[in-house]
Amino acid sequence: MGFRQGAVLASCSFFLGVLFICFFVDYRILHQELTEEVVEDGFQFYATFFNAPPAIKAVLHGFMGVGILGLVAKLHKYDESAIFFDGSSLVAYIFAVAVYLAVTVPSLRTVVTPVDVDTRADRIEAMRILSAGNTIMMVVLGAILVLQGGQEYARRAEVRELAKVEEELKAKASASAGKDKKE
């Protein structure tokens, strides 16, 4: 595993870790009865998340950038493996970032700093949409990790097959060289 693949795996894992922390609240919002306690827990959690120090947000956004740069650098190799695995991973990663920018950020703003026209029902709906977007991003980032693992497995299988073919060719060459000396 090289630096580029390490950058991709680290950024996906970091992003997944953040989303997994959110999933403890998201699961209750999406899959359990929506009680007042669940709603207040969600508001409190996302307010804490939204009001985090700028350094934490910078680290999250920096890791997003590292993931994109790592995938673009891996795609630069431009062989069949890079086109299939890294190209698919790059598309999925950009989709996850787009969901973050188009769903997570506006929903967080609606939940934490609502404008005058936003009712409590609007805030609850925004929190449910935020939870669904987080779940979608978790699935997409998990798929990227599976694609990267599949790429490594395919590379190792190819190396094994090439070694086997090379060994067979050496055996044939040494057998034919033995026949030539006997004649």
Side-chain angles (χ1 to χ4, degrees), residues 1 4-72 74 85-153:
M1 175 174 73
R4 294 175 289 198
Q5 188 166 13
V8 172
L9 295 177
S11 65
C12 281
S13 297
F14 180 80
F15 205 11
L16 266 173
V18 171
L19 291 171
F20 185 71
I21 292 168
C22 294
F23 191 68
F24 288 114
V25 174
D26 294 342
Y27 180 82
R28 293 173 58 203
I29 292 169
L30 291 174
H31 303 291
Q32 291 182 354
E33 185 179 336
L34 204 58
T35 63
E36 190 62 32
E37 179 188 0
V38 171
V39 170
E40 288 304 317
D41 286 349
F43 285 161
Q44 182 64 34
F45 175 78
Y46 284 116
T48 304
F49 186 76
F50 185 77
N51 294 321
I56 292 175
K57 294 175 187 175
V59 168
L60 179 64
H61 296 149
F63 264 106
M64 286 182 198
V66 166
I68 290 173
L69 288 175
L71 284 167
V72 169
K74 285 185 74 181
F85 292 107
D86 297 330
S88 299
S89 294
L90 182 62
V91 169
Y93 200 85
I94 288 174
F95 176 75
V97 170
V99 169
Y100 173 77
L101 293 173
V103 174
T104 302
V105 174
S107 294
L108 271 174
R109 287 188 180 137
T110 301
V111 169
V112 178
T113 58
V115 294
D116 295 335
V117 294
D118 288 334
T119 64
R120 182 172 173 79
D122 291 337
R123 293 177 67 203
I124 292 171
E125 188 63 27
M127 192 167 52
R128 294 185 85 165
I129 291 169
L130 173 62
S131 298
N134 287 347
T135 305
I136 290 169
M137 287 188 290
M138 287 178 73
V139 170
V140 169
L141 291 169
I144 293 170
L145 292 178
V146 168
L147 281 168
Q148 294 300 306
Q151 182 181 29
E152 185 64 22
Y153 176 80

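It should be emphasised that the depicted structure is a prediction, and the values quoted were computed from it without experimental measurement. Starting from 1, each residue takes its place in the sequence as its number.
The heavy-atom pair separating E40 from R120 by the smallest distance is OE2-NH2, 3.0 Å. Of all non-hydrogen atoms in I129 and S107, the two that sit nearest each other are CG2-OG, 3.9 Å. Across all their heavy atoms, A7 and G70 have their closest contact at CB-CA, 4.4 Å. Of all the heavy atoms in D122 and T110, the pair that sits closest is O-CG2, 4.2 Å. Minimum heavy-atom separation, A92 to I144: CB-CG1, 3.7 Å. Between Q148 and F85, the closest heavy-atom pair is NE2-O, 4.1 Å.
The CD atom of E152 lies 13.5 Å from the CG atom of L147; values are rounded to the nearest 0.5 Å. Distance check, rounded to the nearest 0.5 Å: CZ of R4 to CG of L69 gives 12.5 Å. If you take OG on S89 and CG on L145, they are separated by 8.5 Å, rounding to the nearest 0.5 Å. Atom CD of E125 sits about 12.0 Å away from atom CG of D118, to the nearest 0.5 Å. Note that the CG atom of D86 and the CG atom of L90 stand 8.5 Å from one another [nearest 0.5 Å]. Here Q151 contributes atom CD and S88 contributes atom OG; the two are 10.0 Å apart, rounded to the nearest 0.5 Å.
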Take S11 and Y93, measure what side chain to side chain contact (heavy atoms under 4.5 Å, CB included) needs, and give me the verdict at the end. CA-CA 10 Å; S11 65; Y93 200 85; 3.6 Å; yes
What verdict does the side chain to side chain donor-acceptor pair (under 3.5 Å) test give for Y46 and D26, after you've listed the backbone C-alpha separation in whole Å, the side-chain angles of each residue and the deciding distance to 0.1 Å? CA-CA 10 Å; Y46 284 116; D26 294 342; 2.2 Å; yes
When you look at L19 and L141, which way does the side chain to side chain contact (heavy atoms under 4.5 Å, CB included) test go after all the steps? CA-CA 10 Å; L19 291 171; L141 291 169; 3.8 Å; yes
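When the shell of 6.0 Å around CZ of F50 is examined, it contains more than 12 heavy atoms from other residues, nucleotides or ligands. Enclosure of atom CZ in F95 is not indicated, since only 12 or fewer non-hydrogen atoms of other residues, nucleotides or ligands lie within 6.0 angstrom.
Taking 4.5 Å as the limit, some side-chain heavy atom of F14 sits within range of a side-chain heavy atom of L60. Between C12 and F63, every side-chain heavy-atom pair lies at or beyond the 4.5 Å cut-off. By the 4.5 Å heavy-atom criterion applied to side chains, L34 and V39 are counted as neighbours. Residues D41 and V25 have side chains not in contact (no heavy-atom distance under 4.5 Å, counting atoms from C-beta outward). At least one side-chain heavy atom of E37 sits under 4.5 Å from a side-chain heavy atom of R28.
For the pair R123 and F43, the cation sits on the ring face: its NZ or CZ lies under 6.0 Å from the ring centre, inside 45° of the axis. Stacking of K57 on the aromatic ring of F49 is not recorded, the 6.0 Å distance cut-off and the 45° axial limit not both being met.
A donor atom on one side chain and an acceptor atom on the other are not found under 3.5 Å apart for N134 and Y100.
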